Amino acid sequence: QVQLVESGGGLVQAGGSLRLSCAPSGRAFSSRAMGWFRQAPGKEREFVAAISWSGGSTHYADSAKGRFTISRDNAKNTLYLQMYSLKPEDTAVYYCAARSGGSRYVLSLLEDEYDYWGQGTQVTVSS
C-alpha cells in the first residue's frame, strides 16, 4: 500500500503562487505515474496534471496550461505542483494520486485509473 501526503496548500491572493508537494508515508515511490486532481465545493473532482514515472511526459488540463507545472524528484520520492497566476476559480482541495499495476509507469488523465490517493490539501485563492 502506497500512502500519500500532500502539503503546501493555504490561502493566497489572486495572482500569487503556491507549490504543492506530495510525499509517501510508509512507503517510497519512484516507478509510478502520478497525478494531481482537485475538487471545488459543489463540483466533481477534476483532473489537473499528470506525469509519467520518469518525468519525461506530462499532461495538463486546459485550465492549468501555462500556469501550473507538475514535476517530480524521484530521488526524494516527492511530487510537486507549482502554481502561478492563481485565480479564485483555482480554489479547491488538491489531491495527489499514484498508479499501480502493470500500467503504473504511464500517465493517465482518468481518475479511476489511479489507485492511491492522499487526503488532500486545501488551496484557497482570494480575489
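Everything quoted here is computed from the prediction, not taken from an experiment.
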With R99 via salt bridge (Lys or Arg N to Asp or Glu O under 4.0 Å) - residues at least two apart: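 With neighbours one apart ignored, the set is E113.
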
Salt bridge (Lys or Arg N to Asp or Glu O under 4.0 Å) involving K43 - partner list, sequence neighbours excluded: none

Sidechain-backbone polar pair: D115 side chain, S100 backbone, donor-acceptor under 3.5 Å: yes

Under 3.5 Å: donor-acceptor pair, side chain of T124, backbone of T91: no

Audit row: D90, R67, salt bridge (Lys or Arg N to Asp or Glu O under 4.0 Å) steps and yes/no: CA-CA 11 Å; D90 295 318; R67 299 190 300 123; 2.8 Å; yes

Joint hydrophobic cluster, Y94 plus Y116, side-chain heavy atoms closer than 4.5 Å: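 Y94 clusters together with Y116.
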
Rounded distance (nearest 0.5 Å) linking atom [atom1] of [X] with atom [atom2] of [Y]:
X    : Y    : atom1 : atom2 : result
S126 : L86  : OG    : CG    : 10.0 Å
Q3   : Q119 : CD    : CD    : 9.5 Å
N77  : C22  : CG    : SG    : 10.5 Å
S127 : E89  : OG    : CD    : 10.0 Å
F68  : Y60  : CZ    : OH    : 10.5 Å

Stepwise salt bridge (Lys or Arg N to Asp or Glu O under 4.0 Å) check, K65 with D62: CA-CA 5 Å; K65 290 178 181 177; D62 288 342; 3.2 Å; yes

Near-ring test F37/F47, centroid separation under 6.0 angstrom: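 Between F47 and F37, the centre distance is under 6.0 Å.
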
Determine all donor-acceptor pairs shorter than 3.5 Å in which one atom belongs to a side chain in residues 8-21; sequence neighbours excluded.
none

Lys NZ or Arg CZ of R45 over W117 ring: under 6.0 Å, within 45°: yes

